[in-house]
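Working notes, structure below.
Note that the structure is a prediction, hence the values are computed from the model and not measured. A, B, ... follow the sequence lines: proteins, then strands. Residue 1 opens every chain.
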Amino acid sequence: MEKIRRIKVVDILRMTEYGKSVNVKGWVRTKRGNKHVNFIALNDGSCIHNLQIVVDVPEFPEELLKKITTGAAISVTGELLESQGSGQAVEIQAKEIEVLGVADPEKYPLQPKRHTLEFLREIAHLRFRTNTFGAIARVRHAMIFAVHKFFNDKGFVNIHTPIITASDAEGAGEMFRVTTLDIDNPPRKENGEIDFDEDFFGRSANLTVSGQLEGELAALALSDIYTFGPTFRAENSNTSRHLAEFWMIEPEMAFYDLDDNMDLAEEFLKYLIKYALDNCLDDLKFLSKRLQDEEKNKKADERQMELIEKLRFVLENDFVRLSYSEAIDILKNSKPNKKKKFKYLIEGFGADLQSEHERFLVEKHFKKPVILTDYPKEIKAFYMKLNDDGKTVRAMDILFPQIGEIVGGSQREEDYGKLVGRMREMGIPEEEMWWYLDTRRFGSVPHSGFGLGFERMILFITGMGNIRDVIPFPRTPKNAEF
RNA sequence: UCCCCAGUAGCUCAGUUGGUUAGAGCGGCGGACUGUUAAUCCGUAGGUCGUAGGUUCAAGUCCUACCUGGGGAGCCA
């Protein structure tokens, strides 16, 4: 038989040329049947659906069919047919089967049954082969593509900011040190401190916690830029919303004030949601069904809105925008505050909002995404623009249900004197930041930006509950397997 | 890092006030069934009870420490 080009499952499922010979390659999900006919569910990751392979048992050697077990890789050449069964429109009547790679059923850990996400996390090298993680990988890819498309279509320039950095000025969190010094016997100065002059970069270096400061440098020349890169935090955070290595999107726009910034962030988030609904509906439907099955075990009042309905809801409604002060008033007069149900009671201006407060605002009070603005300067970073009241800064956080803070941004302080003043107040070393301060010395303009935690967005869009399940190989405290 | 919960077969779990030989479902394997949809039915193998100590005549069960996982908190994205 002449060699027939392989066609992916996603394309075969759309074909109607019945009788045509096709070749398909993939991994066996299940095989069932009797001594006359076998049915193989074949998946190649091109979509959530399997392709049904029909095998007339007497036409194939028994030894060959025995090797076709769950997880085995096979190549099938056969005839495309309209399916007699009701589960699928088309199927392949096998003419030739080649086993490309066997999977010993006694050892292969993925069984044709439901597994817990916790178990699959322990076999992250194989979990791509499940419906759930296949769907997540495809949605994640679509979102990566959509991020670039959104900004590209708006004329933004993508900037690769450094992954290794010597500046730890932002104070966004604990950093991972990068060094080539001998850890057992590092060179020391006379006072006993480690001598980083001897290190690779001639100074102490770390993995980046944010590309924002470098992003600002680019924005103050190119107008609109964005970064999309890995970010590292050595915090000992053990939650379902934190990773030690995650991907962050940080747009930075010259001539944008805080309102422009919020408009862009809201448009961006809605664009991503719409892109997922338009391009990943099969996967979202599967993820929704998975979620619904899980929700059945929960109490009625803890159940979430159906996934696709939730995405449409966010898409179709304006985010609520209010100032920190207004939020404090709402919280102060709220039932849980008056009845002392909050673990941290709200006394008044100045309190840092805890996740219980954010959740109350988003999930109970407004029941929509909320953008909070104008926080007290004490609880925000040094680079945020000081308001005229001298007490608050032009910050904005976007809060999503279940996830909490998904976006953090601000209008940046463009005034050299005020910026240096804030740095001194907060103990940021000016001399190390000379390059950053130069932007305020030479042609400084109002500018703004924000950061979006990519995995948190994927959590929201897929409806998954644990951030370790929306990145292929999660890095968390005590875990860097794979 | 703090608080709470869990760790028993490949997976998900049960295992009574400590008491003989630790159970089930799913999955695997063998068989039955001419078109199945995580097929169904019959049969069968499979265990260092997370690790290390301790209490006891006796520990899967009680105690201590540690490890791992989960939920929540803090930090944040």
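Regarding contacts with the backbone of B:G70, a side-chain N or O of A:R121 is found under 4.0 angstrom from either OP1 or OP2. For A:Q111 and B:G28, the shortest distance from a side-chain N or O to OP1 or OP2 is not below 4.0 Å. The phosphate of B:C11 has neither OP1 nor OP2 within less than 4.0 Å of any side-chain N or O from A:K107.
For A:D263, the side chain to side chain donor-acceptor pair (under 3.5 Å) partners are A:R321, not counting sequence neighbours. Remark: A:F128 pairs with A:F473 by the ring-ring contact (aromatic ring centres under 6.0 Å, His included) rule, at least two apart or across chains. By the ring-ring contact (aromatic ring centres under 6.0 Å, His included) test, A:F454 is found to be paired with A:F228, residues two or more places apart in sequence or in another chain being considered. Remark: A:T476 engages no residue in a side chain to side chain donor-acceptor pair (under 3.5 Å) (not counting sequence neighbours).
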Show me the side-chain donor-acceptor pairs of residues 100-112 of chain A shorter than 3.5 Å, one per line, residues at least two apart or across chains.
from   : atom 1 : to     : atom 2 : distance (Å)
A:D104 : OD1    : A:E106 : N      : 2.9

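Listed by first and then second residue, the salt bridge (charged side-chain N to carboxylate O under 4.0 Å, His left out) pairs that reach into residues 26-41 of chain A come to none, sequence neighbours excluded. For residues 231-252 of chain A, there are no ring-ring contact (aromatic ring centres under 6.0 Å, His included) pairs, not counting sequence neighbours. Residue pairs meeting the salt bridge (charged side-chain N to carboxylate O under 4.0 Å, His left out) criterion with at least one member in residues 9-18 of chain A, sequence neighbours excluded, are A:D11-A:R14, A:E17-A:K20.
Within residues 362-371 of chain A, no residue has any heavy atom closer than 4.0 Å to RNA chain B. Within a heavy-atom distance below 4.0 Å of RNA chain B, the residues of residues 463-482 of chain A found are A:N466, A:R468, A:K478.
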Going 5' to 3' along nucleotides 34-52 of chain B, which nucleotides have protein heavy atoms under 4.0 Å from the base (write B), which only from the sugar-phosphate (write S), and which from neither (write -)?
-> SBBBBB-------------
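More than 12 heavy-atom neighbours from other residues, nucleotides or ligands sit within 6.0 angstrom of NE2 on A:H125.
Residue-to-nucleotide contacts include a donor-acceptor pair under 3.5 Å from the side chain of A:S237 to the base of B:C75.
Comparing A:S355 and A:L452 along RNA chain B, the residue whose closest nucleotide (by nearest heavy atom) sits nearer the 5' end is A:S355.
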Strand RNA chain B as a dot-bracket string - pairs counted if Watson-Crick or G-U with both distances under 3.5 Å, | where the partner lies in another strand | (((((((..((((.....[...)))).(((((.......))))).....(((((..]....))))))))))))....
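You'll find that the side chain of A:E106 is closest to B:C29, out of B:G30, B:C76, B:C29. The nucleotide whose nearest atom lies closest to any side-chain atom of A:S240 is, among B:A77, B:U1, B:G71, B:G71. Each of B:G70, B:G10, B:A73 was ranked by its minimum atom distance to the side chain of A:E118; first place goes to B:G70.
At the heavy-atom level, A:T239 lies under 4.0 Å from base atoms of the strands shown.
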